[in-house]
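Here's a structure for you.
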Amino acid sequence: MSSLHFPDLQQFIDCPREFWLAQQAETPRPRLPYPLAPELRQLAAQRIELQDQDPIWANFGPWRAAVDFIKASPNHPNQVRLYFVQASGSVYSPKHGFKEKYLKEWAFSYHLFCLAGYEVEQCYAIWIDKDYRYPGGEIPPKRLLKIHPLGQELAELRAETALLMQKAEALRLQKTAPKWDGQSFCKKKLACPFIQKYHGQEIPAFSIFQLPRHRLDRPPLDQALAQKKWDLTELDPELLPERWLLQQQSAKTGQAQVDVPALKEWLAQLQFPLQALDYEAVNPAVPFIPHSRPFQHIPFQFSWQVWPNKETEDIVSTNFLAQDKKEPTAGLMQALLDCAQPQGSILVWHKTFERERNRELAKRYPEHRDFLYRLNERLVDLEEIVTKGLYIDAKFEGRSSLKKVLPVLLPQMSYDELPIAEGLAAADAWWQLDQQPPQEQAQTRQALIDYCQLDTFSLIKMVQLLMRKFGETV
DNA sequence: TTATAGGGAGCAGGATCTCT
DNA sequence: AGAGATCCTGCTCCCTATAA
């Protein structure tokens, strides 16, 4: 039998059926806790006056747990202190205390270290002070990291955790599949692997779980659920709010539901030359450029495309990708000044992100404040056609993210063949770039450019499509 | 005049979206 | 992981209509 870690226990708590199924595999995929970033580990070690060391593991039965640091008690030589480091700024709040999910994880480790024979004197939590402002230079660990002893909280959770572990152990050995009442769901809803495997053929293409902001505990979905009616098309249209109704109509007809007058009006606001902008950014817990804060998004790349006028199909494309982690925003700011047209609408997807990046750039480069604020005034958010109900297709699955909408509108445009196909992967690739051999770096840089470029290109292509179908005659 | 029910505005807090 | 936006709920406050 394979070993079990905290993420397995978490899976058991969230969805015992999925946990059971995962454990039936020949070799269950190990679900290891996500490792800490090295720069955070190092600062945490300094914070408690220790040499950086690898996490320490304890075993008991099938269970394995790690603590980030361990230290002998100065008072009682046979006792130890356990340290848990969390890459988060919201571990503790005066109003709500420690967050439940962290306490559970710590209680699990604490329990296991006790079982493994450690005499634990005290546990400590270490986390990020998100109010810290990095002025530059060496980061003093005491300024960035908060530390607090854990007392009663862990003791209380320990018994509960032990019980859950017993139940999980018993369940994984069970030969027959757990029963399911057809009404209770985990967060994955019908996408839960257990349901997919045992009830796959009964799953409707468009279900009530794809409705945005669905609440299963109140009407009309509570009733539908009680009757095990998962099919979106079976809901009584009388009871549905506007956006849900559109989605149902689309599911019934197989057609997108378009508010043509409103969409025409939306398209009419666009001004040429039409431009499209997309930033890629990293947001590490430990600040890496001066005058930034923990988890702040630092843009390192953008794609800017210009469609001069309706008479041409030619699109001018500009890309910027920062060389390295040393002040990536300086080059980015200059490149932005070089390629931005003085007028015309600037298409983005989910404008809060690009707008916030521009505001932060304006703080960093006050001399370009006016330029950046004028850009913000010209931003036009294409996501609005979905969130404001101008164009609803059930195939969006109730979401409005670019990765859901684009494949429906323009099936021929695909991220599938790109080595980097997602914002988080892009951020990660750039962050790890300096650890790659030089010949691979060139490939990664090209992959980053291709990905970012596709994001802006799809914005313009979608607008061209909408203009062809619904534009012109206003 | 007083007590009470009902409606509407305003607000805080939670949950849920999106982006990287 | 955090931040902004939005939606929803539940609460208070205040006004008005109504009955005693």
Side-chain angles (χ1 to χ4, degrees), chain A residues 33-37 39-40 85-93 95-96 99-102 105 127-133 144 187 189 209-221 241-244 247 276-288 292-303 321-322 328-329 332 347-361 363 376 379 381-389 396-406 415 420-432 448 451-452 455-456 458-459:
Chain A
Y34 199 76
L36 282 182
E39 59 274 16
L40 177 55
V85 185
Q86 226 55 64
S88 162
S90 55
V91 167
Y92 176 87
S93 73
K95 193 172 172 191
H96 299 103
K99 261 197 191 162
E100 193 78 11
K101 65 168 177 177
Y102 298 122
E105 186 171 351
W127 68 99
I128 309 279
D129 179 359
K130 63 178 170 190
D131 295 326
Y132 174 68
R133 296 292 177 272
L144 177 70
K187 276 190 186 149
K189 310 287 165 53
F209 308 108
Q210 293 167 354
L211 293 167
R213 295 170 189 272
H214 61 263
R215 292 279 302 266
L216 302 175
D217 56 343
R218 54 187 72 240
L221 300 188
E242 182 65 17
R243 173 130 176 234
W244 287 11
Q247 197 167 327
L277 169 66
D278 183 44
Y279 286 129
E280 307 300 326
V282 285
N283 64 140
V286 180
F288 71 105
S292 66
R293 52 179 168 73
F295 302 109
Q296 183 178 345
H297 283 278
I298 308 297
F300 61 86
Q301 177 181 17
F302 71 78
S303 163
L321 178 59
T329 57
L332 183 135
L347 286 171
V348 290
W349 194 273
H350 202 75
K351 75 174 169 197
T352 47
F353 187 77
E354 270 68 22
R355 190 187 33 174
E356 207 55 30
R357 299 296 76 74
N358 284 340
R359 285 181 186 158
E360 287 167 2
L361 282 172
K363 268 191 197 158
N376 276 354
L379 294 183
D381 189 353
L382 189 53
E383 190 194 17
E384 282 180 4
I385 64 164
V386 181
T387 54
K388 302 210 163 161
F396 298 162
E397 298 171 25
R399 313 265 296 275
S400 66
S401 75
L402 181 60
K403 303 294 179 284
K404 284 283 179 194
V405 175
L406 179 65
Y415 286 84
I420 293 172
E422 208 222 320
L424 282 173
D428 204 46
W430 185 76
W431 191 251
Q432 307 287 345
L448 281 165
Y451 165 73
C452 191
D455 266 3
T456 46
S458 18
L459 295 182

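The chains referred to below are lettered A, B, ... by the order of the sequence lines, with proteins before strands, and numbering in each begins at 1. The figures here come from the full heavy-atom set of this structure, side chains too, leaving out hydrogens, waters and symmetry mates.
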Ring centroid separation A:Tyr279 to A:His297 under 6.0 Å: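 No: the rings miss the under 6.0 Å criterion.
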Would you mind classifying the nucleic acid contact of A:Asp455 as base, sugar-phosphate or nothing, using non-hydrogen atoms under 4.0 angstrom?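 Sugar-phosphate only.
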Under 3.5 Å, is there a donor-acceptor pair between the A:Lys130 and A:Ser90 side chains?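 A:Ser90 and A:Lys130 do not have a side-chain donor-acceptor pair below 3.5 Å.
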Could you check whether A:Glu354 gets within reach of a base, just the sugar-phosphate, or nothing at all, counting any heavy atom under 4.0 Å?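 Nothing, no nucleic acid heavy atom in range.
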Nearest whole Å is fine: how far is B:dT16 C1' from A:Arg243 CZ?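 Rounding to the nearest Å, CZ of A:Arg243 and C1' of B:dT16 are 12 Å apart.
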Does B:dC19 have OP1 or OP2 under 4.0 Å away from a side-chain N or O of A:Trp349?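 Answer is yes, contact under 4.0 Å.
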Would you mind reading off the distance between A:Asp278 atom CG and B:dC19 atom P, rounded to a whole angstrom?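 Interatomic distance, CG of A:Asp278 to P of B:dC19: 10 Å.
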What distance do A:Trp349 atom CH2 and A:Asp278 atom CG have between them, rounded to the nearest 0.5 Å?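 Rounded to the nearest 0.5 Å, the CH2-CG separation comes to 12.0 Å.
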Give one of base, sugar-phosphate or nothing for A:Arg355, where a contact means two heavy atoms less than 4.0 Å apart.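 Touches sugar-phosphate only.
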Quick one: do A:Arg357 and A:Glu360 make a salt bridge, cutoff under 4.0 Å?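 Result for this pair is yes, salt bridge flagged.
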Can you give me the closest heavy-atom contact between A:Val348 and A:Glu354, atom names plus distance?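 Taking every non-hydrogen atom into account, CG1-CG, 3.9 Å.
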Side-chain donor-acceptor pair present, A:Tyr415, A:Asp455, cut-off under 3.5 Å: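 Distance-only check passes for A:Tyr415 and A:Asp455.
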DNA chain C: 5'-most and 3'-most nucleotides touching chain A, 4.0 angstrom heavy-atom criterion: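 Span of nucleotides near chain A: C:dA1 to C:dT9.
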Rounded distance in Å - CZ (A:Arg218) to P (B:dG14):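 Rounded to the whole Å, the gap is 15 Å.
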Residue whose closest nucleotide on DNA chain C lies nearer the 5' end, A:His297 versus A:Thr352: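 Its nearest nucleotide lies further toward 5', so the answer is A:His297.
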What is the separation between atom OH on A:Tyr451 and atom P on B:dC19, rounded to the nearest whole Å?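 So the OH-P distance, A:Tyr451 to B:dC19, works out to 9 Å.
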Heavy atoms under 4.0 Å, any strand shown: does A:Lys99 hit a base, just sugar-phosphate, or nothing?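 No contact.
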Whole-Å distance separating the CH2 atom of A:Trp244 from the C1' atom of B:dC17: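 So the two atoms are 14 Å apart, to the nearest Å.
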In whole angstrom, what separates A:Leu382's CG from B:dT18's P?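 Taking CG of A:Leu382 and P of B:dT18, I get 15 Å after rounding.
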Whether over 12 other heavy atoms sit under 6.0 Å from A:Lys189 NZ: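 Counting other residues, nucleotides and ligands, NZ of A:Lys189 exceeds 12 neighbours.
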With each end axis built from five pairs of C1' atoms, what bend angle do you get for the helix from B:dT1-C:dA20 to B:dT20-C:dA1? Round to 10°.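 One end's axis against the other's: 10°.
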Taking all atoms of both residues into account, what is the closest heavy-atom pair of A:Ala429 and A:Leu448, and its distance?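 Shortest heavy-atom contact: CB-CD2, 4.4 Å.
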Could you check whether A:Ser90 gets within reach of a base, just the sugar-phosphate, or nothing at all, counting any heavy atom under 4.0 Å?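 Answer is sugar-phosphate: A:Ser90 comes under 4.0 Å of backbone atoms only.
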Can you name the nearest heavy-atom pair linking A:Ile298 to A:Ser292, along with the distance?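 Between these two residues, the closest heavy atoms are CD1-CB, 4.1 Å.
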Where do A:Val405 and A:Val386 come nearest, in terms of heavy atoms and distance?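 Of all heavy-atom pairs spanning A:Val405 and A:Val386, the closest is CG2-CG2, 4.0 Å.
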Residues A:Glu422, A:Lys403: salt bridge by 4.0 Å N-O rule: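 So A:Glu422 does not pair with A:Lys403 through a salt bridge.
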Locate the shortest heavy-atom distance separating A:Asp129 from A:Pro294; write the atom from each residue and the value.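 Shortest heavy-atom separation between A:Asp129 and A:Pro294 comes out as O-CG, 3.6 Å.
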Residues from residues 396-405 of chain A lying under 4.0 Å of DNA chain B - heavy atoms: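 Heavy-atom cutoff 4.0 Å gives A:Arg399, A:Ser400, A:Ser401, A:Leu402.
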Proximal nucleotide (of B:dT20, B:dG13, B:dC17) relative to the A:Arg213 side chain: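 Closest nucleotide among those given: B:dC17.
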Roughly, in whole Å, what's the span from CG in A:Leu277 to P in B:dT20?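 From A:Leu277 CG to B:dT20 P: 11 Å.
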Figure out the NE2/P separation between A:His350 and B:dC19, and round it to whole Å.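 Rounded to whole Å, this separation is 6 Å.
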